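Input: a single structure, listed below in structure tokens.
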2 protein chains.
Amino acid sequence: MAKPDTEAKPDPGTGAKTPRERYRAQVREEIKDRAWEQIATAGASALSLNAIAKQMGMSGPALYRYFAGRDELITELVRDAYRSLADALRAAAADGADLARLAHALRDWALADPHRYFLVYGTPVPGYHAPADTTAIADEIVALLLDACTALLPAGATTPLGAHLQEHRTWAEGHPAPPAALQLAMNLWTRLHGALSLELAGHFTGMGFDPARYFAAELDGLPASGR
Amino acid sequence: MAKPDTEAKPDPGTGAKTPRERYRAQVREEIKDRAWEQIATAGASALSLNAIAKQMGMSGPALYRYFAGRDELITELVRDAYRSLADALRAAAADGADLARLAHALRDWALADPHRYFLVYGTPVPGYHAPADTTAIADEIVALLLDACTALLPAGATTPLGAHLQEHRTWAEGHPAPPAALQLAMNLWTRLHGALSLELAGHFTGMGFDPARYFAAELDGLPASGR
DNA sequence: GAGCTTCCGTGATACCCTCTAACTAATTCT
DNA sequence: AGAATTAGTTAGAGGGTATCACGGAAGCTC
């Protein structure tokens, strides 16, 4: 108790941690992996700490050494999902800010694991509230879209809705996007989400048409690339 | 609910339903009412047969006399939700087929009980598969949209995407909508759903702008009313 | 109205889940 | 080596779904 920490917490950057911390991080990672498996097959609502523990050969309550509870695990997964999406979009935007590239990166990411998409953009979980740091990542995602939209439009471009968005804007503040770019980014987001989420939820099954084609058409019809 | 289902279980000979059947229907109705209360406050995933039973003053397993299980209750609620939406839209379409009226009826219906909207158009429940008769109501809803869209467009109107939709169409077959109307209906559906579901899920909170205005703008921007 | 039948509601039970608490055993620190 | 920390265990409270056998009330028939 009386000791100052002479204890080694020395190299926060390199990952040279104590064995305990290494082990701990490793187990946490395995837990999350199993959790993703469960989510991928049965959705987030079916996630069971107990089942994960058994799968890992240990018994129930042991997991509470690693996560305070189911909610914290889910929070962590949401965080990872956001980060993963941000990474995917950033990678797509790396070689040229192109709406189409961005859009298809989004669709590919969603199709790769639909339940992961729903974890982020789906029906909100009753008690759950996203912590500040995940909304920060969400902001980054929006900023990526804004970048691409801004690049497509003349500097002062504006629209009626764009003006409204500009006037009451408390998001991505500091980003020099013209009003029309705000609208374009919003349209990109909500329209692609509309098409994608209905497709993933299975509402298109049995209708006969090709969801990819519909998605592409929605992309083409965006107010900036079309006209 | 207000409607005493008139001849749902016709009893030839006596004409009136037996007291048993009346009672049974009444209890089923009360169970569903309580279920809707729970859903409205905590979402479908928090629905508990046990809690409903206790709330009604009877003990757990009694409910299994009325519903085979949680899934059947939810199925019934989904069915009712679909029917309720179809009614709302039909009422809106009754006095003039107008996309705006339809759209705002949809939004009002969704805002009245967001969890009900998500029950129908949200993240799919893991094990749950919609029975044929709910998809029939879903078809009716689509048909309502199609009617309104058809009324707005010239008889043979077509678009590239519309042609594709027409060519691989296994929905609302028999409806004499021109290809362009198919596309318009799809756009109406997916775009409004995109804006609405993100709003209801809380993804717009903290962004500052007015969701109603955004929704209205999306409606205005539809490929038929705009140009 | 007596008797038969049908159906409602109950308690007991099995099996899931989350999560807490007390205890043991291993690991690490001094 | 001894002390402190921490991982993992079992036990158990509390809640959920769902099945079962039973008692009793309601309806139906004569």
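A, B, ... follow the sequence lines: proteins, then strands. Residue 1 opens every chain. Note that the structure is a prediction, hence the values are computed from the model and not measured.
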Query raised in the report: Taking CZ from Arg28(B) and P from dG9(C), how many angstroms apart are they, rounded to a whole number?
Result: 14 Å

Tabulate below the donor-acceptor pairs under 3.5 Å that side-chain atoms of residues 48-65 of chain A make, not counting sequence neighbours, or state none.
unit_1   : atom_1 : unit_2   : atom_2 : d
Ser48(A) : OG     : Asn50(A) : N      : 3.3
Ser48(A) : OG     : Ala51(A) : N      : 2.9

Requested in this report: Find the distance Glu72(B):CD to dT17(D):P and express it as a whole number of Å.
Outcome: 15 Å

Query raised in the report: Quick one: which of dT18(C), dT17(D), dG9(C) gets closest to the side chain of Leu49(A)?
Result: dT18(C)

Report task. Determine the minimum heavy-atom distance between Ala86(B) and Ile137(B), stating which atoms define it. Result -> CB-CG2, 4.0 Å

Report summary line: Which of dT9(D), dC19(C), dT10(C) is nearest the side chain of Pro61(B)? It is dT10(C)

Report summary line: Of Tyr66(B) and Ala51(A), the one whose closest nucleotide on DNA chain C sits nearer the 5' end is Tyr66(B)

Requested in this report: Considering non-hydrogen atoms only, spot the tightest contact between Ala103(B) and Leu192(B) and give its length.
Outcome: CB-CD1, 3.5 Å

Query - Residue Arg70(B), side-chain atoms from C-beta onward, closest of dC17(C), dA7(D), dT17(D) - result: dT17(D)

Requested in this report: Would you indicate, yes or no, if dG15(D) has its OP1 or OP2 atom less than 4.0 angstrom from a side-chain nitrogen or oxygen of Ser48(B)?
Outcome: no

Query raised in the report: What do you reckon, are the aromatic ring centroids of Trp171(A) and Phe204(B) less than 6.0 Å apart?
Result: no

Report summary line: Nearest heavy-atom approach of Val78(B) to Leu119(B) is CG2-CG, 3.9 Å

**Report entry** Lys NZ or Arg CZ of Arg107(B) over Phe215(B) ring: under 6.0 Å, within 45°
**Finding:** yes

For nucleotides 24-30 of chain D, print each protein N/O atom paired with a nucleotide N/O atom at under 3.5 Å, atom names and distance only.
unit_1  : atom_1 : unit_2   : atom_2 : d
dA26(D) : N3     : Arg20(B) : NH2    : 3.4

Requested in this report: Provide, to the nearest angstrom, the distance between the CG atom belonging to Asp71(B) and the P atom belonging to dA18(D).
Outcome: 7 Å

Report task. Would you mind classifying the nucleic acid contact of Leu47(A) as base, sugar-phosphate or nothing, using non-hydrogen atoms under 4.0 angstrom? Result -> sugar-phosphate

Query raised in the report: Contact class for Phe67(B) vs. all strands (heavy atom < 4.0 Å): base, sugar-phosphate, or nothing?
Result: nothing

Query - Interatomic distance where CZ belongs to Arg22(A) and C1' belongs to dT6(D) [whole Å] - result: 18 Å

Report task. Look at Tyr23(A) and dT5(D) and indicate whether a side-chain polar atom (N or O) is within less than 4.0 Å of OP1 or OP2. Result -> no

Query - Integer-rounded Å distance: dG8(D) P and Leu63(A) CG - result: 9 Å

Query raised in the report: Axis-to-axis angle across the helix from dG1(C)-dC30(D) to dT30(C)-dA1(D), five pairs an end, to 10 degrees?
Result: 10°

Query raised in the report: For Arg24(A) and dT6(D), what is the distance between atoms CZ and P respectively, to the nearest whole Å?
Result: 9 Å

Report summary line: Of all heavy-atom pairs linking Ala81(B) and Val120(B), the shortest is CB-CG2, 3.6 Å

Report summary line: Between CE of Met58(A) and C1' of dG8(D) the distance, given in whole Å, is 8 Å

Report task. Answer yes or no: does a side-chain N or O of Tyr64(A) lie under 4.0 Å from OP1 or OP2 of dT6(D)? Result -> no

Requested in this report: Side chain of Ser59(B) only, please: which of dC17(C), dT10(C), dT17(D) is the nearest?
Outcome: dT10(C)

Query raised in the report: When we call it a touch if two heavy atoms are under 4.0 Å apart, what does Arg65(B) touch: a base, just sugar-phosphate, or nothing?
Result: base

Requested in this report: Measure from CD on Glu21(A) to P on dT5(D) and round the result to the nearest Å.
Outcome: 15 Å

Query raised in the report: Which of parallel (below 30°), tilted (30 to 60°) and perpendicular (above 60°) describes His164(B) and Phe209(A)?
Result: perpendicular

Query raised in the report: Looking just at side-chain N and O atoms, do Tyr121(A) and Ser197(B) make a donor-acceptor pair shorter than 3.5 Å?
Result: no

Query - Electrostatic pair Arg169(A)-Glu173(A), nearest N-O below 4.0 angstrom - result: no

